[in-house]
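Here's the structure, in structure tokens; my notes come after.
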Amino acid sequence: MNERHNIWEFRTAAGHTAGTDLVGFHVEATDGAIGKVDKLSEEVGEQYLVVDTGPWIFGRRVLLPAGTVTRIELGEQKVYVDRSKDEIKHSPEFDDAEPHQENDTRERFGPYYDRLYGGRIL
């Protein structure tokens with residue numbers, strides 16, 4: 001039986017262990033490299049990566065819910081996600097300067113990722 005996975009939590013199969021520092025790991029979209037992990041949130045119910053895309057999309061920082069991570073290769077220092085470069089390029093920008101409140105991340109970024117998942121079972 002398939003279950004819908006919460007996009008705000010790491011998938012069990014991704015191989016993430018709480019407390020593992022992923023900052024600095026390279027991030028690979030389904031169609032190539034997109035940048036490096038700049039920030040990691042392991043808050044229960046609101047786990048995500050902030051990725052610095054560097055020159056690829058002009059230094060933009062994007063948020064990827066932890067549920068987009070398909071696998072983590074510690075030896076390679078790479079995180080693989082189930083998003084294409086185009087999907088990531090068009091995602092909302094993450095800005096530390098903007099004031100954040102509790103549950104703000106899900107409210108701001110959730111609609112974009114909910115639309116992308118469109119009922120897909122993860």
Side-chain angles (χ1 to χ4, degrees):
M1 180 176 161
N2 288 334
E3 288 183 35
R4 192 177 221 345
H5 178 80
N6 179 350
I7 63 168
W8 298 102
E9 294 177 3
F10 282 97
R11 303 176 198 196
T12 304
H16 178 68
T17 304
T20 302
D21 187 7
L22 301 177
V23 173
F25 277 42
H26 295 270
V27 180
E28 295 282 331
T30 57
D31 53 355
I34 60 151
K36 289 186 178 183
V37 177
D38 188 48
K39 181 177 181 178
L40 169 68
S41 170
E42 292 188 307
E43 187 175 326
V44 174
E46 198 170 290
Q47 299 173 339
Y48 60 85
L49 308 171
V50 174
V51 179
D52 182 346
T53 62
W56 176 61
I57 49 176
F58 309 109
R60 203 164 156 254
R61 295 172 70 219
V62 296
L63 181 142
L64 296 174
T68 63
V69 175
T70 57
R71 78 178 196 270
I72 297 167
E73 295 292 341
L74 295 176
E76 296 176 13
Q77 293 196 330
K78 286 188 178 179
V79 174
Y80 293 84
V81 297
D82 67 356
R83 304 284 83 175
S84 70
K85 286 180 170 185
D86 195 52
E87 289 170 325
I88 293 166
K89 183 177 182 177
H90 292 99
S91 67
E93 185 168 5
F94 181 85
D95 184 357
D96 280 325
E98 290 183 24
H100 296 283
Q101 298 185 10
E102 195 169 321
N103 297 322
D104 183 50
T105 302
R106 288 177 75 150
E107 289 174 16
R108 287 181 57 227
F109 297 95
Y112 178 78
Y113 289 102
D114 288 344
R115 181 183 58 79
L116 283 180
Y117 277 90
R120 277 194 298 185
I121 301 298
L122 302 177

Got [X] and [Y] here, is their nearest side-chain heavy-atom distance under 4.5 Å?
| X | Y | value |
| --- | --- | --- |
| Ile34 | Val51 | yes |
| Thr68 | Tyr48 | no |
| Trp8 | Gln47 | no |
| Val27 | Val81 | yes |
| Tyr80 | Ile72 | no |

Partner set under salt bridge (charged side-chain N to carboxylate O under 4.0 Å, His left out) for [X], not counting sequence neighbours:
| X | answer |
| --- | --- |
| Asp52 | none |
| Glu73 | Arg71 |
| Lys36 | none |

Response to the item:
Applying side-chain hydrogen bond (donor to acceptor under 3.5 Å, both in side chains) to Glu42 and not counting sequence neighbours gives His16

Worksheet item: Between Glu46 and Glu43, is there a donor-acceptor pair closer than 3.5 Å when you use the side chain of the first and the backbone of the second?
Response: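 No: the side chain of Glu46 does not pair with the backbone of Glu43.
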
Worksheet item: Got a donor-acceptor contact below 3.5 angstrom from the Thr17 side chain to the Thr20 backbone?
Response: no

Discussion item. Tell me which one of Thr70, Asp82, Asn6 satisfies side chain to side chain donor-acceptor pair (under 3.5 Å) with Arg11.
Written reply: Asp82

Worksheet item: Taking all atoms of both residues into account, what is the closest heavy-atom pair of Ala14 and Val69, and its distance?
Response: CB-O, 3.6 Å

Item to complete: Locate the shortest heavy-atom distance separating Ile88 from Ala29; write the atom from each residue and the value.
Response: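 That would be CD1-CB, 4.0 Å.
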
Spacing of [X] atom [atom1] and [Y] atom [atom2] [to the nearest 0.5 Å]:
| X | Y | atom1 | atom2 | result |
| --- | --- | --- | --- | --- |
| Thr53 | Arg61 | OG1 | CZ | 10.0 Å |
| Gln77 | His26 | CD | NE2 | 7.0 Å |
| Glu93 | Leu63 | CD | CG | 11.5 Å |

Discussion item. Run the side chain to side chain contact (heavy atoms under 4.5 Å, CB included) test against Ser91 and tell me which residues pass, sequence neighbours left out.
Written reply: Arg60, Val62, Tyr112, Tyr113

Practice prompt. Start with the C-alpha gap between Lys39 and Leu49, add the side-chain angles, then the distance that decides, and say whether side chain to side chain contact (heavy atoms under 4.5 Å, CB included) holds.
Written response: CA-CA 6 Å; Lys39 181 177 181 178; Leu49 308 171; over 6 Å; no

Item to complete: Could you list all the salt bridge (charged side-chain N to carboxylate O under 4.0 Å, His left out) pairs where at least one residue sits in residues 23-35, not counting sequence neighbours?
Response: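 Counting only pairs at least two positions apart or across chains, the salt bridge (charged side-chain N to carboxylate O under 4.0 Å, His left out) contacts touching residues 23-35 are Glu28-Lys78.
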
